[in-house]
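One structure is given here, and the rest of the page talks about it.
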Amino acid sequence: MLRLYDSLTHDVRELELRDQNRVSMYTCGPTVYDLPHLGHGRYTLVWDAVRRWLTYNGLEVDFVSNITDIDDNIINRAAREGKTEAEVAAEYEQHWWDAMDAIGVARPTHIPHATQYVAEMVELIDKLIADDVAYRTSDGVYLDVSKVEGYGGLAGQSLESLQVGARIEANLEKRSPFDFALWKAAKPGDPTWPAPFGDGRPGWHTECVVMSLGLLGPDFDLHVGGQDLRFPHHENERAQAIAAHTPFARRWAHSGWVMVGEEKMSKSLGNFTSLTDMIAKTDARAYRLLVLRSHYRSPIEVSAATIDDAERGLARLDSLARRFDVPTTWSDFARRPDGLSPRALELDAAVTLLLDDDFNTPQALALIFEAVSEANATADRGEQSDAESLALACTYLLAGMGLNLRRAESTIDEESQSLARERDAARAAKDFARSDALRDELVNKGWIVEDTAAGTSLRRAL
RNA sequence: GGCGGCGUGGCCGAGUGGUUAGGCAGGGGCCUGCAAAGCCCUCCACCCCGGUUCGAAUCCGGGCGCCGCCUCCA
């Protein structure tokens with residue numbers, strides 16, 4: 001069973017499933033008011049890989065990721081562009097899924113939208129007010145964090161110690177700077193929902209706690225997300241569950257930053273690259289490789305240089321798929337392939353051990369890269385069946401992390417196709433001047449030209 | 001101020017008290033009509049200073065430097 005670093009207990013521990021053979025897993029999805037950036041790409045890739053790995057190991061994974069379709073940023077954008085909030089949300093949700101499809105992140109099992117859970121949120125807030133852990137102000141309803149046992153657990157600090165560094169609070173009605181809005185009172189022009197404590201709209205932290213518990217039920221297994229949501233967002237979700245006496249996530253796991261130079265990539269610093277742009281220029285699988293090549297909790301450096309580097313590494317993996325006639329994609333492997341050689345089984349076991357130990361994808365990939373060399377060398381010696389078995393283990397394990405290798409270009413234009421055939425004819429006639437001229441022509445058209453047993457093969461240059 | 005993390009070879013990036021991480025890039029060779037891909041070999045390392053130890057890049061102490069959180073942020 002997978003062991004992960006738990007952000008609440010601050011140690012690596014095994015998942016303890018609430019239901020046998022079934023994993024309940026939640027992550028906060030995007031607020032849909034802008035294009036997704038590389039940071040979104042990283043966290044979705046990391047947790048997609050974890051989800052797939054659990055699935056590969058025979059578990060059924062209920063994976064919930066919400067869409068926050070109402071918040072200040074959406075309202076502002078709608079006002080600026082003369083659209084409704086719903087239009088803005090729909091537009092950027094579409095961009096989100098386009099990007100997710102492009103990087104190969106599988107759809108969650110459930111995709112709750114915040115605006116469809118407002119009634120449940122109102123119910124929770126009502127209960128918190130009745131229990132006197134939440135209070136009303138002129139602009140909404142706030143949770144009184146001083147009444148929450150263990151507030152600060154995810155931050156790794158006590159409330160008192162958090163107070164020391166708190167910035168000056170503008171809202172004088174709040175009892176503590178860490179009290180947060182469960183409900184924002186209606187403002188003219190904003191979308192509002194009715195509530196016994198005054199019309200308005202839900203606060204962000206309330207959305208996630210209601211949707212996760214609503215779909216996965218109390219005491220679900222794993223709550224994941226990017227580091228920057230750890231505090232205060234996740235802390236505040238947890239605080240509401242505690243205040244409502246509802247068992248919440250059994251485990252918390254967080255993935256690291258995307259760095260640009262020495263700085264964290266973030267919306268507030270404005271130093272972000274949109275995922276949409278990156279995908280347009282790069283084989284999106286290279287980004288997955290880049291992400292998996294470092295530990296999920298470490299910061300990763302994303303630059304033109306590191307992306308190029310990953311693309312070249314990916315090319316090496318793809319060359320394995322070109323050489324061996326083995327299945328290579330997630331959908332090819334409903335379960336572990338049968339009849340693997342002892343060496344292939346050994347690789348599988350070693351990789352499994354590493355991934356189960358806090359999802360050590362970099363070491364697992366190192367083993368796979370070594371196995372790729374070994375498979376090639378084995379085939380060079382003519383031991384085709386052993387080589388193929390090892391290659392199969394590689395493609396199977398990579399697919400288990402969501403990395404699907406590719407064989408050849410799916411589309412080669414007719415002109416290039418015919419140049420390649422001409423070149424084959426010239427080579428057969430030993431007219432090398434002619435065949436080299438044809439190769440130059442193909443290279444100029446952006447192809448990498450390789451000789452294979454089946455004749456000239458073309459693939460796209462990086 | 002509090003809390004957390006990091007400092008590894010040209011670049012990215014793991015890891016362990018003694019044994020090659022891995023990838024990319026560089027050098028040499030094999031293969032090839034020549035290439036490409038592949039294979040083999042190879043250069044380059046663990047911020048500084050003490051300590052523990054037979055032995056530390058790995059443990060302890062002290063420095064220095066960097067990053068993050070404590071506010072919306074994946």
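Note on naming: letters A, B, ... go to the chains in the order of the sequence lines (proteins, then strands), and numbering restarts at 1 for each one. This is a predicted model, so every value here is computed, not measured.
- Between A/E422 and A/R434 there is a salt bridge, since a side-chain N of the basic residue sits under 4.0 Å from a carboxylate O of the acidic one.
- Remark: the separation of the P atoms in B/A37 and B/C24 is 11 Å, to the nearest Å.
- Residue contacts for A/G152: at a heavy-atom cut-off of 4.0 Å it reaches no nucleic acid atom on any strand shown.
- The ring of A/H234 has its center closer than 6.0 angstrom to the ring center of A/H254.
- Nucleotides B/A56 and B/C48 place their P atoms 14 Å apart, quoted to the nearest Å.
- Checking the phosphate oxygens (OP1, OP2) of B/C39, no side-chain nitrogen or oxygen of A/R381 falls inside 4.0 Å.
- Base contact: A/R423 has a heavy atom under 4.0 Å from a base atom.
- Atom pair A/L354:CG and B/G15:P shows a separation of 10 Å (rounding to whole Å applied).
- Under 4.0 angstrom from either OP1 or OP2 of B/A74 there lies no side-chain N or O belonging to A/S255.
- In the set B/C67, B/A74, B/A14, the nucleotide with an atom closest to the side chain of A/M259 is B/C67.
- Backbone-only engagement by A/E370 is indicated by non-hydrogen atom pairs under 4.0 Å involving sugar-phosphate atoms exclusively.
- A/R439 contributes a side-chain N or O that forms a donor-acceptor pair with the base of B/A35 under 3.5 Å.
- Both distances falling under 3.5 Å, in either a Watson-Crick or a G-U wobble arrangement, place B/G1 opposite B/C70.
- Comparing the same atom, P, in B/C67 and in B/U8 gives a spacing of 14 Å after rounding to whole Å.
- B/C59 is paired with B/G51 under the Watson-Crick or G-U wobble criterion, all donor-acceptor distances under 3.5 Å.
- The separation between A/L229 atom CG and B/C70 atom P is 11 Å, rounded to whole Å.
- Residue side chain A/D380 does not reach the base of B/G38 through any donor-acceptor N/O pair under 3.5 Å, judged by distance alone.
- Look at A/R323 and A/D380 and you find a salt bridge, because one of the NZ, NE, NH1 or NH2 atoms lies within 4.0 Å of a carboxylate O, short of that distance.
- Of the C1' atoms belonging to B/U16 and B/C11, the separation is 23 Å, rounded to the nearest Å.
- Across the C1' atoms, B/C40 and B/U20 are found 15 Å apart, a figure rounded to whole Å.
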side-chain contact (heavy atoms from CB on, under 4.5 Å) assessment of A/W53 paired with A/D356: CA-CA 9 Å; A/W53 184 246; A/D356 279 350; 3.4 Å; yes
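- Of the candidates A/D72, A/D190, A/D71, A/K184 forms a salt bridge (charged side-chain N to carboxylate O under 4.0 Å, His left out) with just one, namely A/D72.
- More than 12 heavy-atom neighbours from other residues, nucleotides or ligands sit within 6.0 angstrom of NZ on A/K445.
- Distance noted for atom P between B/A36 and B/G27: 12 Å (whole Å).
- The partner of B/G17 is absent, by the rule that a Watson-Crick or G-U pair needs both atom distances under 3.5 Å.
- With B/A74, B/G2, B/C39 as the choices, the nucleotide that has an atom nearest any side-chain atom of A/S161 turns out to be B/G2.
- Comparing B/G33, B/G13, B/A74 by their nearest atom to the side chain of A/F432 picks out B/G33.
- Spacing between B/C47 and B/A57 at atom C1', rounded to whole Å, works out to 11 Å.
- Comment: A/R423 engages A/D451 in a salt bridge, judged by a side-chain N to carboxylate O separation of less than 4.0 angstrom.
- Protein atom CG of A/L35 is 13 Å distant from nucleotide atom P of B/A74, rounded to whole Å.
- Nucleotides B/G13 and B/U19, compared at atom P, are 24 Å apart to the nearest Å.
- Between A/F220 and A/F248, the ring planes lie perpendicular to each other; the angle is over 60°, past the 30° to 60° tilted range.
- Within the nucleic acid shown, A/A305 has no heavy atom closer than 4.0 Å to any nucleic acid atom.
- Comparing B/A14, B/C70, B/G38 by their nearest atom to the side chain of A/S294 picks out B/A14.
- For A/R316, counting side-chain heavy atoms from C-beta on, the closest listed nucleotide (B/G23, B/C12, B/A74) is B/G23.
- Across all strands, A/M265 comes closer than 4.0 Å to base atoms (heavy-atom distances).
- Within the nucleic acid shown, A/H37 comes within 4.0 Å of at least one base atom, counting heavy atoms only.
- OP1 or OP2 of B/A25 sits under 4.0 Å from a side-chain N or O of A/R312.
- Checking B/C40, B/C67, B/A14 against every side-chain atom of A/A377, the shortest atom distance belongs to B/C40.
- With the nearest nucleotide of RNA chain B identified for both A/V449 and A/I300, A/I300 has the one nearer the 5' end.
- Spacing between atom CD of A/E235 and atom C1' of B/C72 amounts to 17 Å, rounded to whole angstrom units.
- Below the 3.5 angstrom threshold, one finds no donor paired with an acceptor across the side chain of A/R293 and the base of B/G22.
- Checked by atom type, the side-chain pair A/E93/A/H113 shows a donor-acceptor distance below 3.5 Å.
- OP1 or OP2 of B/C69 has at least one side-chain nitrogen or oxygen of A/K264 nearer than 4.0 Å.
- Using Watson-Crick or G-U wobble geometry with both donor-acceptor distances under 3.5 Å, B/G26 finds its partner in B/U42.
- Of the two residues near RNA chain B, A/A433 and A/E301, the one whose nearest nucleotide lies more 5' is A/E301.
- The aromatic ring of A/F369 is not stacked on the base of B/G22, since the criterion of ring centres less than 5.5 Å apart with planes inclined by under 30° is not met.
- The side chain of A/H295 lies closest to B/A14 when the candidates are B/A14, B/G68, B/G38.
- In this entry the distance linking CG of A/D6 with C1' of B/G4 reads 15 Å, nearest Å.
- Base contact: A/D436 has a heavy atom under 4.0 Å from a base atom.
- Pair check for B/G65 finds B/C6; Watson-Crick or G-U wobble, both atom distances under 3.5 Å.
- Residue A/S373 has a polar side-chain atom (N or O) positioned under 4.0 Å from OP1 or OP2 of B/C39.
- To the nearest angstrom, P of B/C69 lies 17 Å from NE2 of A/H10.
- Not less than 6.0 angstrom separates the ring centroid of A/Y43 from the ring centroid of A/Y296.
- If you check every strand for non-hydrogen atoms under 4.0 Å, A/V46 touches nothing.
- For A/S266, no side-chain nitrogen or oxygen approaches OP1 or OP2 of B/A74 to under 4.0 Å.
- A/L405 has its CG atom 15 Å from the P atom of B/G23, to the nearest Å.
- Protein atom CZ of A/R323 is 14 Å distant from nucleotide atom P of B/A37, rounded to whole Å.
- In this model, a side-chain donor or acceptor of A/D451 finds a partner on the base of B/C34 within 3.5 Å.
- Across all strands shown, A/P232 has heavy atoms under 4.0 Å from sugar-phosphate atoms exclusively, and none from any base.
- A/T44 comes within contact range of no nucleotide atom at all, as no heavy-atom separation falls under 4.0 Å.
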